[in-house]
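Chain identifiers are assigned alphabetically (A, B, ...) following the order of the sequence lines, protein sequences preceding nucleic acid strands; residue numbering begins at 1 within each chain. This is a predicted model, so every value here is computed, not measured.
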There are 2 protein chains.
Amino acid sequence: MVNHYDANTRQHLRVWLKLLKTSTSIETALRERLKKECSTTLPRFDVMAALDHHTDGLRMTELSDFLMVSNGNVTGIVSRLAESGLIERTQDTHDRRAQKVCLSPSGQAEFKQLAQRHAQWIDDIMQPLNTEESNTLLTLLERLANHKVNKND
Amino acid sequence: MVNHYDANTRQHLRVWLKLLKTSTSIETALRERLKKECSTTLPRFDVMAALDHHTDGLRMTELSDFLMVSNGNVTGIVSRLAESGLIERTQDTHDRRAQKVCLSPSGQAEFKQLAQRHAQWIDDIMQPLNTEESNTLLTLLERLANHKVNKND
DNA sequence: GGTATTTACTTTAGGCTTAAAATATTATAC
DNA sequence: GTATAATATTTTAAGCCTAAAGTAAATACC
């Protein structure tokens with residue numbers, strides 16, 4: 001029962017809930033397809049995408065900075081991906097604390113497939129908006145994102 | 001490296017990533033404020049909101065249906081909320097498998113505070129959009145959400 | 001050169017999440 | 001009335017996530 005809020009607040013809550021629900025429901029669809037069609041997960045995909053983008057590898061800390069998740073989180077995902085043989089860890093010769101992580105050849109091949117499917121899914125999901133509409137959506141979302149960032153200073 | 005996709009696909013990926021990032025970043029801000037200012041979590045808030053909405057209580061399965069999360073998930077959150085004295089569980093008299101869950105008096109009082117703060121945060125986050133813009137955003141999001149739902153049939 | 005601080009990373013504790021198995025109870029079929 | 005199926009819920013196993021503590025190595029300071 002939200003009716004004791006004023007009309008403006010109700011509208012704000014409505015928009016936020018729709019934003020959350022839309023994003024979550026697309027994300028859930030992607031997770032399900034990654035699991036059922038590709039036997040992988042979104043966090044694994046995200047790590048592989050980061051490594052595909054940085055072709056000469058990343059350190060663990062660079063990886064967690066890039067993905068904006070905690071250090072310990074990356075440790076777990078990377079070690080499971082390494083178990084699967086999709087990524088390789090090599091010791092840094094100059095700094096024995098550090099290691100460089102990159103996609104293995106099979107990881108590269110695997111990601112190529114994943115990325116293609118992923119792009120098709122997104123293409124399909126975004127179909128209902130034409131170029132102008134998706135530009136409008138992008139602009140409105142950017143306004144929200146930028147405002148929020150400023151509040152976090 | 002997304003440049004081997006056509007312009008349309010690139011635009012779709014860009015919009016989806018912005019949608020995901022905006023939603024996640026707002027959600028993260030809410031989680032942080034709930035934790036730091038209210039010593040609680042978003043899942044706890046969601047359960048309390050559902051029970052506040054259904055004043056005569058809900059069964060565990062009704063609760064997990066309403067929140068669209070798994071049964072076992074609700075079990076954990078509800079038992080932690082019960083430990084904190086914020087909700088009460090009563091056995092169903094006619095069905096000994098079932099129980100009815102509702103907010104305790106202190107849970108109701110607590111949620112009243114939480115909901116007010118939550119609404120203020122959302123109000124603040126949505127400030128950059130005027131009524132017309134937020135209506136546009138709502139409409140575009142609804143188009144995406146509806147399309148996605150249809151694909152899941 | 002030796003101590004203190006910083007840096008790179010892992011481990012731990014605890015909560016969230018799911019799917020699948022397990023339990024207990026109710027309802028159905030015969 | 002008893003066997004079977006359905007329902008309500010919890011438990012379990014495994015991954016994801018964070019903050020905080022721990023470990024090891026590099027750097028800075030003196």
Side-chain angles (χ1 to χ4, degrees), chain A residues 20 23-25 27-36 38-50 57-84 86-87 89-101, chain B residues 20 23-25 27-36 38-50 57-84 86-87 89-101:
Chain A
L20 177 61
S23 175
T24 304
S25 116
E27 210 184 330
T28 301
L30 293 178
R31 283 183 202 276
E32 278 172 5
R33 290 180 189 182
L34 278 173
K35 181 170 188 187
K36 288 190 180 151
C38 312
S39 304
T40 190
T41 67
L42 200 46
R44 286 168 70 105
F45 178 84
D46 291 340
V47 166
M48 292 180 79
L58 286 175
R59 288 189 172 184
M60 296 297 278
T61 298
E62 291 172 332
L63 197 44
S64 64
D65 286 350
F66 183 76
L67 296 173
M68 296 194 293
V69 298
S70 68
N71 246 339
N73 188 2
V74 168
T75 296
I77 299 167
V78 161
S79 60
R80 280 182 291 273
L81 281 171
E83 273 175 32
S84 310
L86 296 171
I87 72 181
R89 284 181 281 199
T90 52
Q91 276 295 320
D92 186 308
T93 25
H94 298 312
D95 187 338
R96 275 189 295 175
R97 294 167 304 179
Q99 53 185 304
K100 195 145 254 185
V101 182
Chain B
L20 177 61
S23 175
T24 303
S25 116
E27 209 183 328
T28 302
L30 293 179
R31 282 183 203 276
E32 278 172 5
R33 291 180 190 182
L34 277 173
K35 180 171 186 185
K36 288 189 181 151
C38 313
S39 304
T40 191
T41 67
L42 200 46
R44 287 168 69 105
F45 179 83
D46 290 340
V47 167
M48 292 180 79
L58 285 175
R59 288 188 172 184
M60 295 298 279
T61 298
E62 290 172 332
L63 197 44
S64 64
D65 286 350
F66 183 76
L67 295 172
M68 296 195 292
V69 298
S70 69
N71 247 339
N73 187 0
V74 167
T75 296
I77 299 167
V78 161
S79 60
R80 281 183 289 274
L81 281 171
E83 272 175 33
S84 309
L86 297 171
I87 73 182
R89 283 182 280 200
T90 52
Q91 275 296 320
D92 185 308
T93 25
H94 298 312
D95 187 339
R96 275 188 296 175
R97 295 167 304 181
Q99 53 185 304
K100 194 144 256 183
V101 182

With A:R31 via salt bridge (Lys or Arg N to Asp or Glu O under 4.0 Å) - residues at least two apart: A:E27
Take B:R96 and A:K35, find for each the nucleotide of DNA chain C with the closest heavy atom, and name the residue whose nucleotide sits nearer the 5' end. A:K35
Where the side chain of A:S23 meets the backbone of A:L20, is there a donor-acceptor pair that is under 3.5 Å apart? no
Integer-rounded Å distance: D:dG15 P and A:D46 CG: 17 Å
Measuring from B:R33:CZ to B:T28:OG1, what's the distance to the nearest 0.5 Å? 11.5 Å
If I take atom CD1 from residue B:I77 and atom CG from residue B:L63, how far apart are they, to the nearest 0.5 angstrom? 8.5 Å
Gap between atoms NE2 and C1', on A:H94 and D:dT27 respectively (whole Å): 16 Å
Measure CZ/B:R31 against P/D:dC17 and give the value in whole Å, please. 11 Å
Students should find this one: the first and last nucleotides of DNA chain C, 5' to 3', lying under 4.0 Å from a heavy atom of chain A. What are they? C:dT7 to C:dA19
Separation of atom CZ in A:R44 from atom C1' in D:dC16, rounded to whole Å: 12 Å
Could you tell me the separation between the CD atom of A:Q99 and the P atom of D:dA26, rounded to a whole number of Å? 14 Å
Round to the nearest Å and state the distance from B:I77 atom CD1 to D:dT9 atom P. 15 Å
From the list D:dA26, D:dC16, D:dT10, which nucleotide is the closest neighbour of the side chain of A:R80? D:dC16
For DNA chain D, find the residues of residues 67-75 of chain B with a heavy-atom distance under 4.0 Å and give them by number; none if there aren't any. B:N71, B:G72, B:T75
Distance check needed: D:dT11 C1' versus B:M60 CE, whole Å only. 13 Å
For A:Q99 and A:R89, the nearest pair of non-hydrogen atoms, with its separation, is OE1-CD, 2.9 Å
Non-neighbouring partners of A:R97 that pass side chain to side chain donor-acceptor pair (under 3.5 Å), sequence neighbours left out: A:D95
Tabulate below the donor-acceptor pairs under 3.5 Å that side-chain atoms of residues 38-49 of chain B make, not counting sequence neighbours, or state none.
from: B:T40; atom 1: OG1; to: B:R44; atom 2: NE; distance (Å): 3.2
from: B:T41; atom 1: OG1; to: B:R44; atom 2: N; distance (Å): 3.3
from: B:R44; atom 1: NH2; to: B:S84; atom 2: OG; distance (Å): 3.1

Each nucleotide N or O in nucleotides 1-7 of chain D that has a protein N or O under 3.5 Å away: list the pair and distance.
from: D:dT7; atom 1: O2; to: B:R97; atom 2: NH1; distance (Å): 2.2

What pairs of residues pass the side-chain hydrogen bond (donor to acceptor under 3.5 Å, both in side chains) test when at least one of them lies in residues 58-72 of chain B, not counting sequence neighbours? B:R59-B:D92, B:S64-B:N71
Expressed as a whole number of angstroms, how long is the span from B:K100:NZ to D:dA8:C1'? 14 Å
